[in-house]
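Below, read A as the first sequence line, B as the second, and so on, with proteins coming before strands; counting in each chain starts at 1.
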Protein chains: 2
Amino acid sequence: MVARRATVRDMRRSNRAVLLSKIYLDGPLSRHELTQLTALSPASVSTLVAEFLDEGIVEEAGSVESDGGRPRVLLQVAPTFGHVIGVDVGETRVTVELFDMSMAALAKADYPIERASLAPQTTVKHILDGIAAVSAQAGVDPGDILGVGVAVSGVVDSGDDGLVHAQTLGWDGVPLRSMLRAGTDIPIHIDNGAKTLGQAEMWFGAGRGVQHAVIALVGSGVGAAVVAGGASYRGSRSSAGEWGHTTIAYGGRQCRCGAKGCLEAYVGAEGILDRFRDANSGRVAEGIDEESAIGAIIAAAESSRTAEKVLTETVGYLGAGIATLVNLFNPERIVLGGWAGLALGSRWLPEIRAAAGEHALRRPFSQTEITLCQLGPDAVALGAATLPVAKLLSDGGVRAARGDLDPVRGPRVRLITA
Amino acid sequence: MVARRATVRDMRRSNRAVLLSKIYLDGPLSRHELTQLTALSPASVSTLVAEFLDEGIVEEAGSVESDGGRPRVLLQVAPTFGHVIGVDVGETRVTVELFDMSMAALAKADYPIERASLAPQTTVKHILDGIAAVSAQAGVDPGDILGVGVAVSGVVDSGDDGLVHAQTLGWDGVPLRSMLRAGTDIPIHIDNGAKTLGQAEMWFGAGRGVQHAVIALVGSGVGAAVVAGGASYRGSRSSAGEWGHTTIAYGGRQCRCGAKGCLEAYVGAEGILDRFRDANSGRVAEGIDEESAIGAIIAAAESSRTAEKVLTETVGYLGAGIATLVNLFNPERIVLGGWAGLALGSRWLPEIRAAAGEHALRRPFSQTEITLCQLGPDAVALGAATLPVAKLLSDGGVRAARGDLDPVRGPRVRLITA
DNA sequence: AGACTTATTTCATACCATAAACTCGAAGTG
DNA sequence: CACTTCGAGTTTATGGTATGAAATAAGTCT
């Protein structure tokens with residue numbers, strides 16, 4: 001319904017993209033298997049693979065013995081075809097990490113940040129320094145870097161400036177992409193941290209093999225990455241999936257967003273601590289960070305009735321929140337993550353499932369698995385690094401142009417040589 | 001990422017679909033305008049339009065005077081190219097309606113139904129009788145009917161049998177499509193009634209011109225039709241958009257679905273009446289249907305503090321429910337409908353907007369319009385009738401084969417003649 | 001009547017996926 | 001060891017496709 005017009009070149013790019021994605025995500029595969037998986041003819045697979053080999057993006061990876069026929073030659077995306085960088089702009093640090101095409105981490109740089117001094121300029125400097133540092137550290141020519149993916153904890157407009165709106169950082173409309181472009185000509189991709197983590201789980205973690213999933217993240221904040229039909233669901237302005245501020249208890253606890261009764265006010269770390277404080281006559285472990293405090297409450301669940309009660313309630317609220325996702329998005333799988341989500345989930349997953357089942361409609365609930373994230377919170381940078389890879393795959397393996405803005409629209413200018 | 005392989009024929013079909021959809025949805029348009037709107041070259045537009053004219057699916061519709069050049073010839077989809085039938089299987093009646101391609105209603109048949117006797121067989125008989133009746137009534141050759149769209153109030157599996165699961169009808173896995181196919185060879189399309197109503201609003205009502213929208217329906221039940229990127233969002237098993245049973249008040253009122261605190265238990269017609277009963281010491285108008293009862297409460301809002309209080313609360317809950325849609329789906333527009341939704345909305349839309357604003361995140365809320373449905377509840381059959389039209393458009397104007405199952409997969413068999 | 005303007009069509013061209021025929025590399029077979 | 005069989009991959013001829021450039025159509029304006 002929204003399909004764009006297609007030219008004969010689009011067809012080529014599209015088929016290259018299909019083929020390359022299969023090789024990357026499900027490889028190593030033989031040409032023969034590829035014909036079956038992509039529905040392309042053997043002739044086309046042969047031609048396209050020959051192009052890929054020629055360009056160096058795909059390489060042979062051994063072969064499979066046959067029982068009486070020519071052996072199959074396996075193909076994979078060449079890990080050394082290029083490198084990508086993933087950046088995680090967190091609230092306490094900027095992490096920059098360099099990967100090869102197989103997403104093996106080759107170098108890492110960390111820039112701790114003074115709370116409340118996360119000026120955009122400082123962040124940009126850290127990112128640019130980090131790019132230089134990890135490139136040097138791994139001995140990679142910057143010209144060999146396909147792209148940089150940046151994950152921020154806020155909403156990222158899809159426009160050209162890469163406008164970032166991040167309440168927790170105090171950013172409102174920071175043109176992060178433009179700012180970075182002034183310091184490097186490597187293509188920049190920016191996205192929300194929850195979405196990049198979701199992307200990482202989809203490719204390499206608990207989301208593998210599924211087309212519709214919601215990665216539900218519970219930490220200090222509460223958010224979700226929605227994947228529909230294999231692609232990130234962004235809504236009209238890329239802010240879809242703001243799960244934490246759905247109303248779960250009308251007229252209930254005050255949330256930091258200003259509203260009352262948000263899910264985050266109940267199952268976010270602060271919400272849990274607040275409720276524990278309320279239930280425990282104001283007494284709560286002081287002087288330690290949120291993560292340790294939550295850990296302490298969880299540890300106390302065996303012995304303390306108060307802790308147990310608060311966490312049981314938390315499980316209930318979380319289940320109801322998950323039920324909302326099930327009812328509205330009808331995913332095949334819900335992947336629970338975030339540090340608090342994992343802490344709760346690794347101990348009470350069956351109870352969370354049961355609570356979700358009580359609040360969700362039977363049919364969609366029975367069609368939804370609920371599992372835990374597999375990659376841990378460091379995967380934000382990994383997920384960010386998948387952004388340039390995803391771009392490369394969807395472009396059919398054609399490197400993005402350097403320095404420039406997005407590719408020229410309209411007819412391509414043809415150079416006339418002699 | 002999920003793109004299928006493409007052949008040159010796919011390209012043709014895709015471009016035909018793009019062009020035909022534009023002509024249908026935004027026509028009449030000239031060839032020249034079409035080249036700009038579709039990004040196709042003038043040459044291609046010319047060729048494809050010539051094909052359409054030849055096939056009779058598109059016709060000329062006058063021309064536009066020029067100020068000094070050749071006048072543009074306007075094109076539109078020929079209203080008489082074919083006919084479509086829309087069926088609304090409601091809880092009290094089966095409505096069958098016949099339209100031409102311009103969605104002008106040409107004939108209608110109604111089959112009232114005894115409550116609680118909605119056996120699938122009876123329904124099928126009503127539908128088949130209705131098809132015959134409206135065809136005869138309008139003097140349309142059944143062979144000239146492109147397809148029948150059927151709207152049911154339940155979940156419809158996307159599989160080949162058209163399995164319908166409708167709790168309110170007591171249907172669990174009724175193979176409606178297979179059953180209908182035994183009685184007619186006209187292609188059958190089945191979908192959920194909320195989704196067909198949403199489709200009607202998107203094409204002809206309050207959803208025009210928007211790519212991301214949620215049509216929020218409040219009646220006896222509460223549901224939503226989600227449109228993302230111009231297409232219906234279905235989730236993995238077509239049950240996405242079950243808005244009515246999202247938890248809005250944890251631990252709150254008992255809902256007929258079995259859970260507690262569902263939105264439907266507060267803003268659904270029954271929920272409103274129950275809450276009014278509770279607030280009014282058990283007194284409520286008896287012996288009249290739900291719709292009149294709600295109307296009576298709304299009428300009493302001016303004079304009765306109880307009615308006013310209940311409805312103000314309703315507006316609050318509804319706003320919170322809408323906020324959940326805004327936060328999770330980030331649509332451009334929310335269209336409020338359903339008989340109760342319209343009754344509330346036509347009187348308290350500003351208050352509903354305000355309540356939604358209190359519960360939604362500022363940014364996505366500011367990017368979302370909230371409006372009312374324009375078509376009324378009869379549009380369910382109209383929306384159902386758009387299903388075969390949508391199929392025709394996405395196939396680029398190639399009629400679906402009669403009688404058979406879905407088109408053969410794999411290589412087409414070629415007949416060898418002489 | 002001629003100049004000009006804008007819409008549409010025609011035609012030569014480049015590009016594409018594909019079927020069918022063919023080659024390649026191994027295991028079996030007498 | 002020749003020869004067959006089998007399955008994987010490649011080459012080639014072909015028909016289908018959109019497109020740019022040039023031509024044509026159909027008006028207005030002076």
**Sidechain-backbone polar pair: A:Arg333 side chain, A:Ala206 backbone, donor-acceptor under 3.5 Å** = yes

**Request:** Please state how far atom CZ in A:Arg72 lies from atom P in C:dA27, giving the value in whole angstrom units.
**Result:** 15 Å

**Prompt:** Quick one: is C:dA17 close enough that its OP1 or OP2 comes under 4.0 Å of any side-chain N or O from A:Arg12?
**Reply:** yes

**Prompt:** Below 4.0 angstrom from OP1 or OP2 of D:dT17, is there any side-chain N or O of B:Asn15?
**Reply:** no

**Item:** Check ion pair A:Arg181-A:Asp161 (N to O, under 4.0 angstrom)
**Value:** no

**Message:** Tell me the interatomic distance from B:Glu60, atom CD, to C:dT8, atom C1', rounded to whole angstroms.
**Reply:** 11 Å

**Interface with DNA chain D, restricted to residues 43-59 of chain B and to heavy atoms under 4.0 Å** = B:Ala43, B:Ser44

**Message:** Taking the basic N atoms (NZ, or NE/NH1/NH2) and the acidic carboxylate oxygens, is any pair closer than 4.0 Å for A:Arg234 and A:Asp191?
**Reply:** yes

**Prompt:** Judged by atom type as modelled, is there a donor-acceptor pair below 3.5 Å linking the side chain of A:Glu332 to the main-chain atoms of A:His212?
**Reply:** yes

Could you list, one pair per line, each protein nitrogen or oxygen that sits under 3.5 Å from a nitrogen or oxygen of nucleotides 26-30 of chain D, together with the distance?
residue	atom	partner	partner atom	Å
D:dA26	N3	B:Arg70	N	3.4
D:dG27	N2	B:Gly68	O	2.8
D:dT28	O4'	B:Gly68	N	3.4

**Message:** One pair to check against side-chain contact (heavy atoms from CB on, under 4.5 Å): A:Leu34 and A:Lys22. What are the steps and the verdict?
**Reply:** CA-CA 8 Å; A:Leu34 285 168; A:Lys22 261 278 173 280; 4.1 Å; yes

**Request:** Compute the angle between the rotation axes at the two ends of the helix from C:dA1-D:dT30 to C:dG30-D:dC1, each taken over five pairs, rounded to 10 degrees.
**Result:** 20°

**Asked** Rounded to the nearest Å, what distance is computed from the CG atom of residue B:Asp10 to the C1' atom of nucleotide D:dT17?
**Response** 12 Å

**Message:** If the cut-off is 4.0 Å, is A:Ser41 near the phosphate of C:dT18, judged by side-chain N/O to OP1 or OP2?
**Reply:** yes

**Prompt:** To the nearest angstrom, how far is B:Leu74 atom CG from C:dA7 atom C1'?
**Reply:** 12 Å

**Message:** Nearest whole Å is fine: how far is D:dG9 C1' from A:Arg31 CZ?
**Reply:** 7 Å

**Request:** Would you mind telling me which residue lines up with the more 5' stretch of DNA chain C, A:Met11 or A:Pro42, judged by nearest nucleotide?
**Result:** A:Met11

**Prompt:** Does any donor atom in the side chain of A:Glu59 or A:Gln76 lie under 3.5 Å from an acceptor atom in the other side chain?
**Reply:** yes

**Prompt:** With no hydrogens and no angle check, is any side-chain donor or acceptor of A:Arg399 less than 3.5 Å from a backbone partner on A:Leu146?
**Reply:** no

**Item:** Value in whole Å for how far the P atom of C:dT5 lies from NE2 of B:His32
**Value:** 15 Å

**Prompt:** Counting just side-chain N and O atoms, does B:Arg9 come under 4.0 Å of either OP1 or OP2 of C:dC16?
**Reply:** no

**Asked** Does D:dT19 have OP1 or OP2 sitting under 4.0 Å from an N or O in the side chain of A:Arg5?
**Response** yes

**Request:** Could you tell me whether B:Arg12 and B:Glu51 make a salt bridge, using a distance below 4.0 angstrom between a side-chain N and a carboxylate O?
**Result:** yes

**Prompt:** Atom CD of A:Glu33 and atom C1' of D:dG7: how far apart are they, to the nearest Å?
**Reply:** 13 Å

